[in-house]
Amino acid sequence: MKVYETNEIKNIALLGSKGSGKTTLAEAMLYECGVIKRRGSIDAKNTVSDYFPVEKEYGYSVFSTVFYAEFLNKKLNVIDCPGADDFVGSAITALNVTDTGVIVVDAQYGVEVGTQNIFRTCASLNKPVIFALNQLDGEKADYDNVMEQMHEIFGNKLVAVQYPLQCGAGFNAMIDVLLMKKYSWGPEGGVPKVEDIPAEEMEKAEDLHQKLVEAAAENDEALMEKFFDQGQLTEDEMREGLRKGVADRSVYPVFCVSALKDMGVRRMMEFLGNVVPFVEDMPAPVDVQGREVKPDSKGPVSLFMFKTTIEPHIGEVSYFKVMSGTLTPGVDLDNVNRGTKERIAQLYCVCGQIKTSVDKLCAGDIGATVKLKDVRTGNTLDEKGCDYLFDFIKYPAPKYQRAIRPVTESDAEKLSGILTRMHEEDPTWIIEQSKELKQTILSGQGEFHLRTLKWRVENNDKLPIIFEEPKIPYRETITKAARADYRHKKQSGGAGQFGEVHLIIEPYTEGMPAPDTYRFGNQEFKMSVRDTQEIPMEWGGKLVVCNCIVGGAIDARFIPAIVKGLMDRMEQGPLTGSYARDVRVCIYDGKMHPVDSNEISFRLAGRNAFSQAFRAANPKILEPVYDVEVLVPADVMGDVMSDLQGRRAIIMGMSSENGFEKIIAKVPLKEMSSYSTALSSITGGRSSFTMKFSAYELVPADVQEKLLKEYAEKNAEE
């Protein structure tokens with residue numbers, strides 16, 4: 001194939017909600033460009049995009065698919081992204097390595113929550129947006145209603161380039177108000193018949209044409225002056241004005257298509273080829289040192305590896321964007337992240353699972369290679385002497401967790417390797433070996449996201465696995481001061497063990513004054529602080545230890561052993577075995593034996609004294625609470641609110657946002673375990689939510705009582 005220069009390359013992300021028809025649109029685009037001779041279908045399981053077994057099993061996209069089209073002497077690199085919110089990581093990756101987002105909207109259902117979410121992502125990354133109003137041939141399609149809704153949500157930057165003469169089963173014609181022509185198709189779609197606009201449509205067409213002209217003129221002073229002077233622009237002038245407007249996000253053009261019948265697709269592609277920005281027209285990406293890296297084909301070679309897949313009969317395939325320079329096969333590059341060297345033996349342009357060898361790829365282009373030794377998703381590969389390093393993709397926090405383990409314990413190591421590989425393919429699958437919970441925790445964007453991983457492990461890797469409810473990382477603390485002493489004494493012939501520790505514990509808060517006097521019953525205890533240790537806990541909070549020993553009751557050399565005993569109990573709290581936090585301990589007295597005292601004796605004495613005091617200090621269990629934002633359609637808001645309140649949520653606020661209702665709440669992590677599934681069920685998949693850790697807060701008394709009972713029963717069984 002032809003080698004395309006930087007000024008001939010356009011990179012596009014194909015986006016939209018689940019079921020909006022992106023995969024079908026991708027098939028039509030490839031067919032129109034001559035890349036494929038026959039369009040596949042999702043039902044027949046033979047599309048270019050959905051070629052992985054798990055995608056054929058579920059019937060919709062799980063992974064993003066890279067494909068290219070040679071059109072109008074330009075190269076369009078397109079990344080078709082999954083629509084389900086569970087796979088949002090693929091869309092975020094695609095938007096970071098492309099320059100324009102084509103958002104597909106289902107004309108039957110209009111703007112869905114997923115549409116809004118992806119539009120917000122485009123806005124946050126400052127990416128131009130074009131809308132493709134698809135499925136106008138659907139029985140529920142309503143162009144006017146959807147356009148009104150889109151104007152309310154996306155504002156006056158939205159401009160219609162086309163409108164249909166009829167929606168539903170009879171859709172076969174539309175008016176193009178940019179070219180001021182009528183396009184119509186036969187039952188099989190394909191090449192349209194182009195005619196003059198009928199007289200009865202001329203007034204509406206001219207009105208929309210005028211709005212399009214005004215939108216084009218607003219982005220160029222010279223065009224604006226000509227528009228005011230003559231009231232009209234030529235087709236080329238409009239195209240130039242729209243090109244600038246699309247690039248700076250001041251215009252969102254809307255196209256009409258039926259991807260299934262291949263109607264309007266070629267016309268939309270002409271616009272993509274003629275109007276959307278080239279790679280070099282967009283702001284240059286910035287490396288970690290803050291330097292702009294322009295797509296200069298004469299610059300040093302630098303690649304950003306944005307995607308890794310394991311494909312049948314090939315193995316590992318690494319997808320990259322050429323950030324700078326011109327890449328040729330056989331070149332040696334440095335992996336800046338891992339400090340290793342890699343040889344790029346082969347170069348491919350990719351169309352789903354079809355890979356075409358190429359001789360070189362210029363800056364801004366997207367390609368793939370195979371069988372690299374030590375490359376991970378997100379790595380930067382540079383030629384010798386170049387020090388670019390890119391780290392610009394930021395993924396959302398996970399929303400769904402499960403503990404994962406193999407059915408056969410001996411397969412634990414094998415599972416670990418598979419999970420590491422899975423994370424390379426999709427960085428939003430996060431794996432954590434939790435020392436605290438003694439579980440392997442798998443986190444993702446939703447139940448279906450994790451279920452997809454399970455299907456692949458069990459079907460592709462033939463390893464049966466079990467998902468379990470993850471344990472909750474509770475914390476233990478105290479709410480009042482308490483005193484205890486403990487003598488550890490053991491004699492078994494020869495040297496024995498002896499250590500006695502007296503201590504007082506109390507809740508710790510940052511900046512509290514040094515301990516002075518404590519009163520328990522009729523006894524008063526005065527403290528004389530000789531030394532203070534502040535020990536930050538890895539899991540949050542502190543342990544503060546005050547050495548208040550006077551008169552040498554305990555030798556200073558035994559204090560570290562006592563502190564170790566205290567830490568033993570901080571790591572395994574006396575109530576439920578959870579981590580403890582925010583405790584101040586004053587060691588004020590004790591006893592030694594000239595022969596039998598040693599470190600282990602004082603470690604055990606300190607640990608047991610701490611346990612006794614902790615239980616007497618009105619101990620409380622803390623649970624992690626999350627800030628949750630839910631975006632829902634107004635008609636199901638009451639049901640969503642009721643469900644949240646049943647999860648012990650505290651509603652912090654509500655607001656309306658572009659036709660949807662936003663609920664802001666604080667919800668205990670325990671109650672969020674299966675929330676994504678419940679929310680999808682309540683709202684028919686028309687909602688989304690985000691969650692972020694807020695703080696640890698006291699659990700209600702009934703919940704604490706239940707946790708204590710469960711812990712006691714578990715220990716009794718053991």
Which heavy atom of [X] sits nearest a heavy atom of [Y], and at what distance?
X      : Y      : result
Val129 : Pro253 : O-CD, 3.6 Å
Arg581 : Gly540 : CB-O, 3.5 Å
Val78  : Met29  : CG2-CE, 4.3 Å
Ala205 : Ile175 : CB-CG2, 3.9 Å
Pro633 : Phe660 : N-CD2, 3.7 Å
Lys620 : Gln704 : CA-OE1, 3.5 Å

[atom1]/[X]: more than 12 non-hydrogen atoms of other groups inside 6.0 Å:
X      : atom1 : result
Ile650 : CD1   : no
Lys204 : NZ    : yes
Lys666 : NZ    : yes
Lys670 : NZ    : no
Glu705 : CD    : no

List the steps and the verdict of ring-ring contact (aromatic ring centres under 6.0 Å, His included) for Tyr252 and Phe119. CA-CA 11 Å; Tyr252 307 139; Phe119 180 82; 5.4 Å; yes
Would you please say whether a donor-acceptor pair under 3.5 Å links the side chains of [X] and [Y]?
X      : Y      : value
Gln433 : Thr440 : yes
Thr677 : Glu447 : yes
Ser673 : Glu469 : yes
Tyr395 : Thr93  : yes
Thr309 : Glu425 : no

What distance separates [X] [atom1] from [Y] [atom2], expressed to the nearest 0.5 Å?
X      : Y      : atom1 : atom2 : value
Arg405 : Ile466 : CZ    : CD1   : 3.5 Å
Ile404 : Ser443 : CD1   : OG    : 11.0 Å
Cys256 : Leu165 : SG    : CG    : 10.0 Å
Ile130 : Leu14  : CD1   : CG    : 11.0 Å
Ser20  : Ile103 : OG    : CD1   : 10.0 Å
Glu27  : Phe67  : CD    : CZ    : 8.5 Å

Electrostatic pair [X]:[Y] at N-O distance under 4.0 angstrom:
X      : Y      : result
Asp281 : Arg243 : no
Lys706 : Asp702 : no
Arg475 : Glu436 : yes

- Query: For Leu15, which of Val102, Thr115, Asn117, Leu95 qualifies under side-chain contact (heavy atoms from CB on, under 4.5 Å)?
  - Reply: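 For Leu15, the side-chain contact (heavy atoms from CB on, under 4.5 Å) check succeeds only for Leu95.
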Query raised in the report: Do the ring planes of Phe87 and His449 sit parallel (below 30°), tilted (30 to 60°) or perpendicular (above 60°)?
Result: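 Judged by the thresholds at 30° and 60°, the geometry between Phe87 and His449 is perpendicular.
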Practice prompt. Give every residue pair that meets the side chain to side chain donor-acceptor pair (under 3.5 Å) criterion with at least one member in residues 160-175, sequence neighbours excluded.
Written response: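 Residue pairs passing side chain to side chain donor-acceptor pair (under 3.5 Å), neighbours aside: Gln162-Asp176, Tyr163-Glu201.
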Original post:
Using the benzene-type ring in the case of Trp, are the ring centres of Phe689 and Tyr675 under 6.0 Å apart?
Top reply: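 When the ring centroids of Phe689 and Tyr675 are compared, they turn out to be within the sub-6.0 Å range.
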Of Asn11, Thr98, Asp99, the residue whose pairing with Asn77 passes side-chain hydrogen bond (donor to acceptor under 3.5 Å, both in side chains):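 Looking at Asn11, Thr98, Asp99, the match for Asn77 under the side-chain hydrogen bond (donor to acceptor under 3.5 Å, both in side chains) is Asn11.
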- Query: Would you say Lys307's side chain and Phe63's backbone share a donor-acceptor pair under 3.5 angstrom?
  - Reply: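 No.
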